Amino acid sequence: MCAQIISVEVLRNFDKKRWLSMNILVVDDSAAMRNMIIRTLRQAGFDGNDVSQAEDGAVALEMVKGQLPDLVLADWNMPNMTGIELLEAMNEEGLKTKFGFITTEATSEMRAKATAGGAKFLISKPFSVDSFQKVLSAIM
């Protein structure tokens with residue numbers, strides 16, 4: 001058996017973010033909110049990921065079918081297809097990916113429905129860098 005020795009210089013130059021990069025889909029009917037979520041992701045230390053955007057659940061579902069992302073961050077209330085309808089449609093089609101909500105409304109009923117559908121988390125708006133770090137670090 002031959003062991004390969006890696007130099008300290010190679011380890012120093014190793015781009016960990018490149019190897020740990022995830023594909024994240026941000027779904028919200030507000031372009032300004034999508035941009036705020038992406039900015040907060042970067043500020044929370046998740047800037048090495050590929051981020052796509054969709055303006056509603058219907059568009060997001062087609063994007064997920066075409067290229068299954070590692071994580072979907074969706075608003076709950078959107079036109080055409082809500083976030084919970086998106087999650088339910090993904091489940092019906094067998095599209096398994098990590099899924100979480102970022103929403104203004106976060107009632108106990110909504111949290112229960114999200115959890116029952118397989119959502120990993122629900123972050124309430126207004127959100128903070130700290131809330132992203134805490135929640136996303138646990139699942140990424």
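Quantities reported herein were computed from a predicted structural model and do not represent experimental measurements.
The line from CD of E55 to CZ of R34 is 6.0 Å long, rounded to the nearest 0.5 Å. With values rounded to the nearest 0.5 angstrom, M36 atom CE is found 9.5 Å from Q43 atom CD. To the nearest 0.5 Å, atoms CE (M90) and CG (L68) are separated by 6.5 Å. Taken from CG in L73 to OG1 in T40, the straight-line distance is 11.0 Å, to the nearest 0.5 Å. Rounding to the nearest 0.5 Å gives a distance of 10.0 Å between CG of N23 and CG of L71. Separating the OG atom in S124 from the CZ atom in R111 is a distance of 4.5 Å, to the nearest 0.5 Å.
Residues S131 and I123 share a closest heavy-atom pair of OG-CG2, 4.0 Å. In plain terms, the two heavy atoms of N77 and E105 that are nearest each other are ND2-OE2, 2.6 Å. Of all heavy-atom pairs between A54 and V59, the closest is CB-CG1, 3.9 Å. In terms of heavy atoms, W76 sits closest to T82 at O-CB, 3.1 Å. For the residue pair L122 and A114, the shortest heavy atom distance occurs at CD1-CB, 4.4 Å. Between I37 and F132, the closest heavy-atom pair is O-CE2, 3.8 Å.
Residues V27 and I38 do not share a hydrophobic cluster, defined by chaining ILVMFWY side chains whose heavy atoms lie under 4.5 Å apart. Both M33 and F121 belong to a common hydrophobic cluster when Ile, Leu, Val, Met, Phe, Trp and Tyr are linked at side-chain heavy-atom distances under 4.5 angstrom. Under the 4.5 Å side-chain heavy-atom criterion for ILVMFWY residues, a single connected hydrophobic cluster contains both I84 and L95. Taken together through direct or relayed side-chain contacts under 4.5 Å among Ile, Leu, Val, Met, Phe, Trp and Tyr, M110 and L87 form part of one hydrophobic cluster. Note: the hydrophobic cluster containing L25 does not contain F46 (ILVMFWY, side chain heavy atoms under 4.5 Å, direct or indirect links).
N91 contributes a side-chain N or O that, together with a main-chain N or O of G117, makes up a donor-acceptor pair within less than 3.5 Å. Looking only at distances, no side-chain donor or acceptor of D56 sits under 3.5 Å from a matching main-chain atom of M81. Between the side chain of K98 and the backbone N or O of I139 there is at least one donor-acceptor pair closer than 3.5 Å.
Under the salt bridge (charged side-chain N to carboxylate O under 4.0 Å, His left out) criterion, K125 pairs with D28, D75, sequence neighbours left out.
If you run side-chain contact (heavy atoms from CB on, under 4.5 Å) between V26 and each of V51, V72, N35, only V51 comes through.
Residues P69 and V64 are in side-chain contact: their nearest non-hydrogen atoms beyond the backbone lie under 4.5 Å apart.
Shown here is K134, whose NZ atom has no more than 12 heavy atoms of other residues, nucleotides or ligands within 6.0 Å.
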